[in-house]
Amino acid sequence: MVMAEEEVGGKENLYQFDEEFRDTIATVDAEGKRIWIYPKRPSGSYHKKRAIVSIVLLALLFAGPFITYNGKPFILLNFFERKFIVFGQVFWPQDFFLLALTLVTFFVFITLFTVAFGRIWCGWACPQTLFMEMVFRKIEYWIEGDANEQRKLDKAVWDFSKILKKTSKHLIFLVISISIAHLVMAYLISVEQVREIISQPPTEHMAGFLGLVAFTAVFYGVFARFREQACIAVCPYGRLQGVLLVKDSLVVAYDWLRGEPRGKLKKDQKTITGSQGDCIDCKLCVHVCPTGIDIRNGTQLECVNCTACIDACDDVMTKIGKPKGLIRYSSYNAIKDGILKVLTPRIVGYSIVLVALVSLLGYFIFTRADIETTVLKAPGTLYSKTDDGQIANVYNIEFINKTFEAVELEVRVESPAAASLMKIGEPSILVPQEGILKGLFMIKMPESEIKGMKMNVELGVYQEGKRIEKANARFIGPIKSFKK
Ligand code: SF4
Ligand code: SF4
């Protein structure tokens, strides 16, 4: 046991804590075996609010792939074809810098959000927590009962009742896992393609079918068995908490100044008396915790800020006639000093960087060209002489259409005036929707007009008579033509 040495408002900090809890995690025993957590069924005002938020967020999550914009998905994250649609905007591998900028912005946002509000995301919005605590766990309580009944059932012999309960629970888990797998696939390859996969024999879409099976297995494994380990051992965001959280971050925290020294109520004692702190050491906050920790030890990596311990403790405080909030949303410094500071210099600094990044990202997205043209000299070619005695260069041209409609384009030479363009292949340039069109063309120029070994020819790309983009082509001529 150690004593915190800080002085708090002239009063000695009485917070005593056992540092040994940091040597182990609550879900693994001394032999390294998993300790199964049976959290008590949570209830209370925070739980009710979280249930409402969860219903809204899960509804949005399931509706997401069905929302369309201009007949296309509003969000599509097709990593396989490297095509992304975010808020109706198509992004291609060529927009890589936008993706990189988005990732940097996202990382700054996450940092800022975590520094200010701790792990609110984990408790209120993370799909892992939403599905685990608000869907799978609820089904488990419904079929197997509260924590003690679940413990008893697991120890019981395999009679008809146990087989029925376990089979029905796992069947429902499997059905929900299948639904989540379909949902994830719809975000990855679109609802239409998922519909095709499930309406035709698996042999027609083997890769898609195997994808659905793999996702189902992963989700079933995570929600039926792996559970809190996903947050504790796998989630990178969870692992980053140690470096992201600061003493001013808002977290689910135990007020040690009010709670300590803790002590149990004696038989028939209704409330706390004397110098005893408000914590009656009932351990209900530990029993409801889905990650099995004791929040009275301070902020820990395992805490997903699910608020179950707040509700449990508020209930206890009400029963013993003490004010709620012994465990509450607060920060280390707020408990220590009695003042909750939200706008710290660090938050202001991160906010300025975030606003700058968001503005830059917005500018690039809204000024992004719908059609992108790349002109490159055909590899291995220099120049040639045409029948009319002019010098000609051959080029590869590529058009990328980032819109949802096919577009007809025209390429014209802007300068020098003496240069002219000869198309090779199809006369019209029709670029398919969300597609790429590649072609070859030739620029020719009278030898007398060539002013250098490498000249720049400026091209204009026109759509319905309006120039939408400029492109440059390097023109190579014979040395003698400009040495005269
Ligand atoms: S629920 Fe409250 S009173 Fe009970 S042990 Fe936890 S902090 Fe103490
Ligand atoms: S300590 Fe409290 S908020 Fe954190 S995971 Fe456990 S019950 Fe949830």
Side-chain angles (χ1 to χ4, degrees), residues 14-18 21-22 25-27 35 37-47 49-51 53-54 114 117-126 128-130 132-134 137 147 227-233 235 237-238 241-242 245 249-266 269-273 276-332 335:
L14 295 168
Y15 183 27
Q16 295 186 11
F17 52 91
D18 191 342
F21 77 92
R22 297 201 190 277
I25 54 171
T27 49
I35 300 171
I37 302 286
Y38 295 93
K40 225 176 125 39
R41 194 196 303 251
S43 64
S45 65
Y46 272 103
H47 186 74
K49 284 178 203 140
R50 279 184 62 229
V53 172
S54 302
T114 310
F117 303 111
R119 295 180 77 171
I120 280 189
W121 159 265
C122 301
W124 291 78
C126 174
Q128 161 73 21
T129 316
L130 295 189
M132 187 67 247
E133 302 306 325
M134 294 294 170
R137 194 90 73 186
R227 301 196 159 186
E228 74 289 337
Q229 297 301 314
C231 308
I232 297 171
C235 174
Y237 180 58
Q241 294 307 307
L245 289 179
S249 303
L250 198 65
V251 289
V252 172
Y254 166 68
D255 186 341
W256 69 91
L257 291 179
R258 199 186 126 186
E260 302 297 320
R262 68 186 75 161
K264 290 191 188 303
L265 289 182
K266 293 197 183 76
Q269 189 184 343
K270 292 260 179 319
T271 190
I272 292 153
T273 50
Q276 190 188 327
D278 283 358
C279 173
I280 57 165
D281 206 15
C282 62
K283 291 197 170 59
L284 272 176
C285 51
V286 183
H287 295 156
V288 291
C289 179
T291 62
I293 59 167
D294 186 343
I295 194 64
R296 295 174 300 168
N297 287 330
T299 301
Q300 292 149 74
L301 175 85
E302 295 96 319
C303 176
V304 290
N305 277 219
C306 73
T307 69
C309 55
I310 301 183
D311 279 334
C313 191
D314 279 352
D315 199 26
V316 175
M317 290 299 111
T318 308
K319 280 182 186 148
I320 63 168
K322 288 281 173 182
K324 291 178 177 178
L326 178 58
I327 301 176
R328 62 180 182 271
Y329 273 117
S330 191
S331 71
Y332 174 86
I335 291 174

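Whatever order the structure lists them in is the order used to number ligands and atoms, beginning at 1.
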Inset, instruction - Give the contacting part of Ile295 toward ligand 1: side chain, backbone, both or neither, where contact means a heavy-atom distance below 4.0 Å. - result: neither
Legend entry - Contact atoms of ligand 2, heavy-atom distance to Ile293 under 4.0 Å: 1 (S)
Inset, instruction - Check for a donor-acceptor pair, side chain of Arg296 on one end and backbone N or O of Lys283 on the other, with a separation under 3.5 Å. - result: no
Legend entry - Pair Tyr332 and Trp256, ring centroids less than 6.0 Å apart: yes
Legend entry - Heavy-atom closest contact (Ser330 atom, Ile335 atom, distance): OG-CG1, 3.6 Å
Inset, instruction - Mind checking whether Thr307 contacts ligand 2 via backbone (N, CA, C, O), side chain (CB onward), both or neither, at a 4.0 Å heavy-atom cut-off? - result: backbone
Legend entry - Numbered atoms and elements of ligand 2 in range of Cys309, under 4.0 angstrom, heavy atoms: 1 (S), 2 (Fe), 3 (S), 7 (S)
Inset, instruction - Heavy-atom contacts with Val304 under 4.0 Å: which atoms of ligand 2 show up? List them by number with element. - result: 4 (Fe), 5 (S)
Inset, instruction - Do me a favour and list the nearest non-hydrogen protein atom to atom 2 (Fe) of ligand 1 with residue, atom name and distance? - result: Cys313 SG, 2.4 Å
Legend entry - Where ligand 1 meets Arg296 - atom numbers and elements under 4.0 angstrom, heavy-atom basis: 5 (S), 7 (S)
Inset, instruction - Could you find the nearest protein heavy atom to atom 3 (S) of ligand 1 and give me its residue, atom name and distance? - result: Ile280 N, 3.5 Å
Legend entry - Minimum-distance pair of heavy atoms, taken over all atoms of Cys306 and Arg50: O-NH1, 2.7 Å
Legend entry - Protein residue, atom and distance nearest to atom 6 (Fe) of ligand 2, heavy-atom basis: Cys289 SG, 2.3 Å
Inset, instruction - Report yes or no: does a heavy atom of Met317 sit under 4.0 Å from some atom of ligand 1? - result: yes
Legend entry - Side-chain donor or acceptor of Asp311 paired with backbone N/O of His47 under 3.5 Å: yes
Legend entry - Check: Ser249 side chain, Leu245 main-chain N or O, donor-acceptor pair, under 3.5 Å: no
Legend entry - Donor-acceptor pair, side chain of Thr291 and main chain of Glu302, under 3.5 angstrom: yes
Legend entry - ligand 2-proximal atoms of Asn305, by part, heavy-atom distance under 4.0 Å: backbone
Inset, instruction - Measure the distances from the heavy atoms of Val288 to every atom of ligand 2 and state whether one is below 4.0 angstrom. - result: no
Inset, instruction - Have a look at Cys285, Cys282, Cys279 and point out the one with the heavy atom closest to atom 8 (Fe) of ligand 1. - result: Cys279
Legend entry - Minimum-distance protein heavy atom relative to atom 5 (S) of ligand 1: Lys283 N, 3.2 Å
Legend entry - Option from Val252, Val288, Asn305 for which side chain to side chain contact (heavy atoms under 4.5 Å, CB included) with Ile310 holds: Val252
Legend entry - Closest protein heavy atom (residue, atom, distance) for atom 4 (Fe) of ligand 2: Cys303 SG, 2.3 Å
Legend entry - Flag for Thr27-Gln229: side-chain donor and acceptor within less than 3.5 Å: yes
Legend entry - Donor + acceptor pair across side chains of Tyr329, Thr307 (<3.5 Å): no
